[in-house]
Structures are given as C-alpha cells and as structure tokens.
Amino acid sequence: MTDEILAELNPKQREAVETVDGPLLIVAGPGSGKTRVVTQRIAYLIRVCGVSPYRIAAVTFTNRAAREMRHRLTQLLGPNIRDLSAGTFHSFCAMVLRREGEAIGLDRSYAIYDNSDQIDLIKRSMKEVDVDPKSFAPRAVLSAISSAKSKLLDVAGFRLAGESYFDEIVLRVYERYEELLSQSSAADFDDLLLKAHFLFDKFPEIAKKYQDRYVHFMIDEFQDTNVVQYSVAKQLSQTHRNLCVVGDPDQSIYSWRNADIRNILSFQTDFPEAKVIVLEENYRSTQTILDAATSLIATNTQRVEKELWTQNGKGASIVVREGYNEEEEAQFVIRDIQRLNRGEGDDVTRRYSLGDVAVTYRVNAQSRALEEACLRYGIPYQVVGGLKFYHRQEVKDLAAYLRLVANPDDDVSLARVVNVPLRGIGQRTVDELTRLARDSETSMFAAIESLAQSKEKGTGVSGRFAQRSTQALIGFRDLIKGLANQAESMSEDTPVDLVGLIDLVLNRTGYKRHVMEESERGEERWENIQEFRNTAEDLVHLGVHDALTEFLERVSLVSDIDSLEEKPDAITLITLHQVKGLEFPVVFIVGMEEGILPHTRSMEDPAALEEERRLCYVGITRAKERLYLMRAFRRRVGFRGGSEPSTPSRYLTDIPSEFILTEREPPARTRATKWASSAPRIESAMAGVVTRRRASKPAAPEAATAAFSVGDKVRHATFGAGIVMSCKPSGTDFEATVAFKDHGAKRLLLSFAALEKVE
DNA sequence: GCGCTTTGATTTTTT
DNA sequence: ATCAAAGCGC
C-alpha cells in the first residue's frame, strides 16, 4: 500500500508526503503536482500512519477543489473517508458556528449574507447614521469594513485603529451595520471567519474540542489566505502542531480580498521548527511556455526566488496575435480554435477537442464578444461565472423567502420580498417599519409582530401606519409563519421534503404566478426557478429543517467555479482569477493590453502592478501545450460606444521574443468592410498594419452560396437537429437563425457553421 | 401605493 | 449604453 501511494512521486514530492510530524510548508510552483501531493499525503496519513479521517481537516480555496480531493481519495481509499473535513475556510467555519455559535449569541438558524446582501445592509446602515451615499460609496465603506474584519478588527478594535476622517465615517456605519446583523441573526462572509476566531478565543473548552480532534490540518492555496483564516488555522492546530500549508507566492492574486502573503513569512516565524519543501519540477507545460512564464515573473521585485524546470520538450511557440478590435480578436480566437480542432497548422501534430481549450480574460465583460463570436461560428462554449446563477433576481427572491422561513429575523431578505409580488406594502410603509424596528431594537419581523399585538389590544404604535398597511403587514407575517409551521410539521411524518417546501413557498407567496404572468422574461425566469428547485433535490433524504439549512448554506457559499463541468465538446470562457488551479492543453489570454491587463485600476500602484503580473503568470502557466496571447488594436472603453486605441500590455515585453511567433494573419473576411465603414478616419494611420497582415488570397465564402429557406430541417455537427427560423445575407456571408432541438436558438454564419440540410 | 418618466451613476478580480 | 434611484401624476 505504501508503495502504491508513493509510486510515481519524485523525491521532493515523496518527502512532502512522508513528512507527517510537525509543521510543514510546501512551496509548490505551477504544475508541480501540488494537488497530487496534497491528496497522496492525506492518503498516506490514513493508510500508512493509521490516522482516522475524522482527525484530518483539509481546507481548500473552492468547494470544487474540496470535492475533487474527496473524489480522488474515495477512489484511492474507498468510502470510509466520509468523516474527513474538507471544504473552504468559509464552509468549515459556517459548520462550526452552526454547531457552537450559540455560545457567542449566534442563532442556530443564522443567515449568511453574501456580497449583495451586505451592500443592502450597508446602505440601510448609512441611511440610519446619516452618511450620504453620494459622498461615500457604499462599496468603499463595505470594503473598508471587510478589510477591518479580515484583520481581526471588530468595532472596538477598529475604533482604536482608525486614523482618517474616512475611518470615522466607516466606524459609524460599522457600528450600526453590526447591530443590524445581530438583530437579523445574520453573519456576513467575513463574520464566518471572524466569529469562529472569537469563538475559539473566548471559549477555550470549545476550541479544545476541535484542537484535540484535528490531529492534522492542511491548507491549500495558502498564499491567498487572510489574517483571520491563518489565525483560525493556528488556533486549531495548537494541540498537535501538525499544520501543513501549501502555496505559491507567485500565484498570490487575491490581495484585494485581503489575502495577506505575509502569512507565509508569519508561518515560518510562528513555527520556527517548520520544514520547508520546494517543488520546482513542472510536469504540465512545454519548455517554451515555462520559459515565458519564468521570464515574466522574474520581472517582479517582490518575490521569493524559485527555479522552475521541466523535462518536457520545447513544444510550439507562443502565438501573439492582434485583432483590429474586440470583435476581431474574438474572431481570431475562434478561427485558431477551429484550426486546432481540425488539426491544421505548421506545428500542430494532433487534433484538439473543444474541451481542451480555455479562453481567459481579466474582466467578465470581455466574455461578451467571445460569446457572440461562439454563437456566430457555432462553437459550443461554457462561461464560468459572469451571469451568476445565484445572483439572478428570481433566484435571490425565492432564496429570500426560504431564508425567511428558516429565520424570520433576516431583515435583508424581508425587505427584499415583503412587497414581491405587490401586497400594498410600499416604500412608505417599509420606511416606517424600519423606524419602528430601530426604536424597539428588534428585527423588522419582530416589529410587525408587536404591531399586530398592539393592534389586538388597541394600543399604541399601530397609529403610525395606515389601516390597510397594518393589515398587509400582518398578512405577510401570517404567510411566513404559516410556511415556517408547515416546514416544522413536515419533518414529522415527512410526506413532503425540501422540494415540497419550495413548491409550497412558490404557491402560497404568489411568487409563481407573479413570475409566470410576467410577459417579457417570465418563461426564462420560471426556468431558472425550476433549475434552482432541482438543485434542492439531492437533499431530500434529509429532514426538511436540516435540508433547508444545508441548502441555504450552499446557496450562499457556492462559487461559480464549483459548478464547472468538464465538457469535452465545449470551450471554457473564464476569468484569470477563476482559472487558477486548472489546466488546459490550449490557453488563450485575450486583452493583452495596457488598461485591461494590467487593469487601469492597478496602474497607480507598483504592488498592484506586480499582482497583475502574477495574474498573467497564472494564466500562462495554465497552458500545457499551446499558448495564445491576443490583443485588440482598439477597444471599446466603457459604455460610450466609442473605441480607443490601445497599447500592448507591458507583460508582453517581459516575454523574450525568441519564444514568440507573430504569425502573418490572413484578414478575416469582414475586415475590409469593417474598416471602411466603422473607422474610416484611422485608415491611413493603420495602412502599415494592413499591408503587413494582408493575406495572399482573399478568403472565399465556400459553402455560403447555398442559402437555406425558412423551415428547412438541418443538422449541425455539434448542435444536432434544428429548423431554420430565418436566413439573411450578412456581408459576403449568410446568417441563419436556427432553432435546435436540444440547444435552443443559435445565430450561425453559414460559411463557418457546418450546416447540412436533411431530407 | 404604484407606475411612468427623468436623472444620475456606473469601470476588476470573488469566498 | 444600461440600469438603478428619484420625482411626479394618478
């Protein structure tokens, strides 16, 4: 068994796996088999050292990483690893707080507030302490509070630490914000960590329980942890001191989320006996890609030296390509992908499937041009994040109802849905209710409750509301109470489960009808609700109460990357941040321009510029075989429609030209017309570039001549059967809208999309 | 209280 | 350009 676990590990990796006593720091360069080492180390602990999985905690950066680790371990060791604690810091702390939170006054059914919930509550806090949102952006205030919390500063601590006038303002909001959170029985993202820390700090007997339990504690992506996370880890590994952290300073890209790279230094001071193992052999990328990455990152001054090497071959050159604008950049991406897919090109030795390809970018907005190009040319794709399923209005609304059922004191959720669908509870009434809650220092729901009671007795406060408003509020209270009672009684004889509860909520609240009656996007939104409902299905084995808690926690803590699936026949569109930890045979980075990468917001600050460079490094090192660095000559900046010339990213000049191949690029067929029509004024300035890239032969629209008629039944290589809805000339081409049986409507350019008429 | 029109602000990355 | 908040008439 030992052999099986240690097989195929290099000496360093092996040493990392076998070092099980005492603190350990593993510095793991990209592609150095880090995931494997972490997994094998756990397997080794369990199988060889006989440690019970129950005594091991492994903290990862995303739930997805945790799930994968669990999966691999199950394959290796079988199902008995169920007791292993594996998850993100946030989910780990959420679990602890769910169990122990009552010690620090946190209700068992506490709500978890995500970013947009936080913003809602910050806005309300600002209003209540008279801070003008026009003078102080709620986002900025929130980020100040979040940053404070990430450094272990609660309100009292912040009061002492604050320096500026802005800090004074923030303090006022912070105080109120905390009161509101507490009244709502809610914790925000930062609280999950912070409250866990305070819990362990103030209640040593609770801390001891966990300290004794976790004989081994591992943290992956340690360079992206913040001060609180590290503190919690230290607290928990106090008894056994078997803390193993794995990270790469060169891949630290979350300082804006208060991640503190100094944790790595602190670790070595806090655990002077710590062993340090550096993994430098790269198994992922070609020599060329690795050399490029190494040259790039060497430009950074703030760095721990590390020498990556590989036994892999030289491989293909890196392709740098410039499109005229964002659309053409996307078009070039698609065309390169199609070529790779067909196995064409000078040094292309195999056919790449679409699943082999990732297209990465700095900001989500860049996905749009790419998506449009994919639709036009019939390339199936999946976007990670961006649209954010859980952030859609209808999903958040339904979640808010469910949260209210679990915890009626949740003010943010109440304010969100109290008048959706319309119940005659307008702004005026909500304002008055907020005031009432504030005066009596309770949640809004409790305020309605006392309103109802004083109305029965004919006393006091109800006079502040119109008769109808009071009635409407009481109606809402009864609605939520009724649902909560149902949820409770369900757990008894369980004829109904969580899905049943969701249906009940949809019907009773009138939300179902509300959405379905909506003319514009009603159907789409209903489908989203269905999808949301489906995700509850794998929790039906639990009692309704537990299922609801688990479900809501999941909804709050999932990340977009968690739902990424490996689709062999679709390319992946993903941000540079989210792509960390993944690898693909072919990687495109688009927007290699000043202002995009590095982003404008980082250009003032040298430290931020180095982080942007690390981001670029992360992108490059995702590639196993082929790397494409794309840029647009002009890019639309913001919303005003006009595009502005851009400068190539400084990071391009960090890569020695010997690794780069700047191919002569035949013009896209739309190029000539596009330039003539959309940018006549710059034609002369661009003349040199035009000739340099001019193709010898104008691309002929091959299949485009055979236009389809509306109603034709067609077949597409990837989308399958469909019917032509419309077909019109588009430049030298034809653009058809086809309704596919299984993939919905797509717009396709006939010369690119292989459409075949059937019958 | 609701819905329509106008005005104003928005531009990073995300557990 | 797009979307949210604010203003205004019903």
Side-chain angles (χ1 to χ4, degrees), chain A residues 59-66 87-94 112-120 123 127 133-134 137-139 142-143 146 149-150 187-194 221 224-226 228-229 252-259 360-368 384-386 388 390-391 393 418-432 465-466 468-469 472 553-562 574-580 591 595-603 608 611-612 614-616 618-619 635-644:
Chain A
V59 176
T60 55
F61 193 68
T62 61
N63 291 300
R64 180 174 193 270
T88 62
F89 257 114
H90 288 85
S91 60
F92 182 83
C93 292
I112 298 173
Y113 282 176
D114 70 13
N115 228 285
S116 60
D117 301 322
Q118 292 183 59
I119 284 287
D120 286 352
K123 283 182 183 162
K127 207 167 168 185
K134 278 169 191 151
R139 289 208 156 277
L142 173 60
S143 117
S146 169
K149 287 187 175 184
S150 306
D188 67 19
F189 275 163
D190 301 305
D191 282 340
L192 295 177
L193 310 169
L194 193 60
E221 306 286 8
D224 288 321
T225 54
N226 67 29
V228 186
Q229 291 170 325
S252 150
I253 53 174
Y254 282 94
S255 71
W256 52 272
R257 217 173 71 187
N258 308 307
T360 68
Y361 36 81
R362 176 67 232 266
V363 297
N364 280 307
Q366 287 174 267
S367 75
R368 197 164 152 184
V384 179
K388 310 236 191 223
Y390 288 104
H391 291 179
Q393 192 188 328
V418 72
N419 205 26
V420 184
L422 298 175
R423 300 190 173 88
I425 304 172
Q427 198 53 54
R428 183 78 206 280
T429 308
V430 173
D431 284 348
E432 195 55 51
F465 293 91
R468 311 164 52 147
S469 311
E553 197 161 300
R554 228 194 254 182
V555 168
S556 310
L557 298 179
V558 287
S559 68
D560 297 303
I561 194 79
D562 294 339
I574 188 169
T575 65
L576 285 165
H577 280 91
Q578 295 197 107
V579 84
K580 189 184 67 165
I596 301 286
L597 187 66
H599 194 270
T600 335
R601 303 276 281 232
S602 304
M603 299 227 272
E611 179 147 322
E612 298 275 319
R614 292 195 289 270
L615 200 50
C616 187
V618 166
R635 185 174 299 269
R636 256 191 303 287
V637 283
F639 347 84
R640 278 175 285 287
S643 63
E644 284 175 17

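Naming convention: chains lettered A, B, ... in sequence-line order (proteins, then strands); numbering from 1 in each chain.
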Can you tell me the distance, in whole Å, between the [atom1] atom of [X] and the [atom2] atom of [N]?
{"X": "Gln578(A)", "N": "dT13(B)", "atom1": "CD", "atom2": "P", "answer": "10 Å"}
{"X": "His577(A)", "N": "dT13(B)", "atom1": "NE2", "atom2": "P", "answer": "9 Å"}
{"X": "Leu615(A)", "N": "dT14(B)", "atom1": "CG", "atom2": "C1'", "answer": "13 Å"}
{"X": "Ile596(A)", "N": "dT13(B)", "atom1": "CD1", "atom2": "C1'", "answer": "13 Å"}
{"X": "Asp224(A)", "N": "dT15(B)", "atom1": "CG", "atom2": "C1'", "answer": "11 Å"}
{"X": "Asn364(A)", "N": "dT14(B)", "atom1": "CG", "atom2": "P", "answer": "5 Å"}
{"X": "Gln366(A)", "N": "dT13(B)", "atom1": "CD", "atom2": "P", "answer": "10 Å"}
{"X": "Asn226(A)", "N": "dT13(B)", "atom1": "CG", "atom2": "P", "answer": "20 Å"}

[N] phosphate, OP1 or OP2, under 4.0 Å from [X] side-chain N/O:
{"X": "Ser469(A)", "N": "dG1(B)", "value": "yes"}
{"X": "Asn115(A)", "N": "dT15(B)", "value": "no"}
{"X": "Lys123(A)", "N": "dA5(C)", "value": "yes"}
{"X": "Asn258(A)", "N": "dT15(B)", "value": "no"}
{"X": "Ser556(A)", "N": "dT15(B)", "value": "no"}

DNA chain B: 5'-proximal contact among Thr575(A) and Lys134(A) (nearest heavy atom) = Lys134(A)
Contacts of His599(A) and Arg428(A) projected onto DNA chain B by closest heavy atom; the upstream (5') one is Arg428(A)
Would you indicate what Leu422(A) reaches in the nucleic acid, counting non-hydrogen atoms under 4.0 angstrom: base, sugar-phosphate, or nothing?
-> sugar-phosphate
Has Tyr254(A) got its ring stacked on the base of dT14(B), with centres under 5.5 Å and planes less than 30° apart?
-> no
Should Leu615(A) and His599(A) count as side-chain neighbours, where that means a heavy-atom distance under 4.5 Å?
-> no
Main-chain N/O of Asp117(A) paired to Asp114(A) side chain as donor or acceptor, under 3.5 Å = yes
Any donor and acceptor pair, going by atom type alone, linking the side chain of Thr600(A) with main-chain N or O of Gly595(A) inside 3.5 Å?
-> yes
ring-ring contact (aromatic ring centres under 6.0 Å, His included) with Tyr254(A): which residues, sequence neighbours excluded?
-> Phe61(A), Trp256(A), His577(A)
For Asn419(A), what residues pass the side chain to side chain donor-acceptor pair (under 3.5 Å) criterion, not counting sequence neighbours?
-> none
